[in-house]
A.B. asks: 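First the structure, which I've put down as structure tokens, then a few questions once you've had a look.
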Amino acid sequence: NAGVTQTPKFQVLKTGQSMTLQCAQDMNHNSMYWYRQDPGMGLRLIYYSASEGTTDKGEVPNGYNVSRLNKREFSLRLESAAPSQTSVYFCASMSGGGLAGGTYEQYFGPGTRLTVT
Amino acid sequence: AQSVTQLDSHVSVSEGTPVLLRCNYSSSYSPSLFWYVQHPNKGLQLLLKYTSAATLVKGINGFEAEFKKSETSFHLTKPSAHMSDAAEYFCVVRGNTGGFKTIFGAGTRLFVKA
């Protein structure tokens, strides 16, 4: 099992450019998540998908859109990148649904380091 | 409302000495608590989790944590640090009702000196 995979690993964008971060999991998990990690702030939830066909906003959704393409794949799109979106982005998946399943653990991908100049 | 506070942003220990990473939480309901480790340029890996069974939880790589409800704490310990333990550690709280929101602490970076 590859677990959770993310592409690309690194990306540099200019302000106003768009891009899509890809995430896939091979564990047959129902829930998938996108987080951003900034120094001293832990991980903050951008969007999540409780199951195939559903998506919901997290704590910091502005400037992002998501697509749950199928059960395996969950992509994050930046339509017009801004320097404030410079961050490390992590995708995660979990067996339980959405924000539910209190005792389930999340599995994380290796991250995408994005710089917006 | 839920919150989690990691009391130290950085901890430095010598190899072979004990490790203590402190975490306090606030939750209206009986929470699930997790510790994750992140090595440089890697994703997060689960070390251990508390889910209202035994209050002393053993994890991977010799780490353990004790849930103390009276102190609202879930500190992470290891008897003897190894160089490979140098990483960032995140304490995570999730409620077991009403939305199960997951909150990450800000992280504690552990340095291990030879």
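To find a chain, count down the sequence lines: A is the first, B the second, and so on, and within it residues start at 1. If you're wondering where the values come from, they're calculated on a predicted model, not measured in any experiment.
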A.B. asks: Check B/Phe67, B/Trp35, B/Phe34, B/Tyr50 against B/Tyr25 for a ring-ring contact (aromatic ring centres under 6.0 Å, His included) and give me the one that passes.
C.D. replies: B/Phe67
A.B. asks: Taking heavy atoms only and a threshold strictly under 4.5 Å, list by residue number the residues of residues 110-117 of chain A that touch chain B; give 'none' if the list is empty.
C.D. replies: A/Pro110, A/Arg113
A.B. asks: Under 30°, 30 to 60°, or over 60°: which ring-plane class applies to B/Phe90 and B/Phe104, parallel, tilted or perpendicular?
C.D. replies: perpendicular
A.B. asks: Looking only at side chains, do B/Gln38 and A/Gln37 share a donor and an acceptor under 3.5 Å apart?
C.D. replies: yes
A.B. asks: So that I can tick it off, tell me whether A/Arg72 and A/Asp26 are bridged by a salt bridge, with the cut-off set at under 4.0 angstrom between side-chain N and carboxylate O.
C.D. replies: no
A.B. asks: Could you check which of A/Met41, A/Gln106, A/Lys9, A/Arg44 has the highest count of heavy-atom pairs closer than 4.5 Å to chain B?
C.D. replies: A/Gln106
A.B. asks: So for B/Lys49, is it side chain, backbone, both, or neither that comes closer than 4.5 Å to the heavy atoms of chain A?
C.D. replies: side chain
A.B. asks: Would A/Tyr64 and A/Tyr89 count as a side chain to side chain donor-acceptor pair (under 3.5 Å) if you check the C-alpha gap in whole Å, the side-chain angles of each, and the deciding distance to 0.1 Å?
C.D. replies: CA-CA 12 Å; A/Tyr64 305 95; A/Tyr89 291 85; 2.7 Å; yes
A.B. asks: With a 4.5 angstrom heavy-atom cut-off, could you sort out which part of B/Gln45 is near chain A: side chain, backbone, both or neither?
C.D. replies: neither
A.B. asks: With a 4.5 angstrom heavy-atom cut-off, which part of A/Tyr107 approaches chain B: side chain, backbone, both or neither?
C.D. replies: neither
A.B. asks: Assess, by modelled atom type and distance only, whether the side chains of B/Arg109 and B/Ser9 contain a donor and an acceptor separated by less than 3.5 Å.
C.D. replies: no
A.B. asks: For A/Tyr33 and A/Tyr48, take the angle between the two ring planes, folded into 0 to 90°, and tell me which bin it lands in: parallel under 30, tilted 30 to 60, perpendicular over 60.
C.D. replies: parallel
A.B. asks: Below 30° counts as parallel, above 60° as perpendicular, anything between as tilted: where do the rings of B/Tyr89 and B/Phe63 land?
C.D. replies: tilted
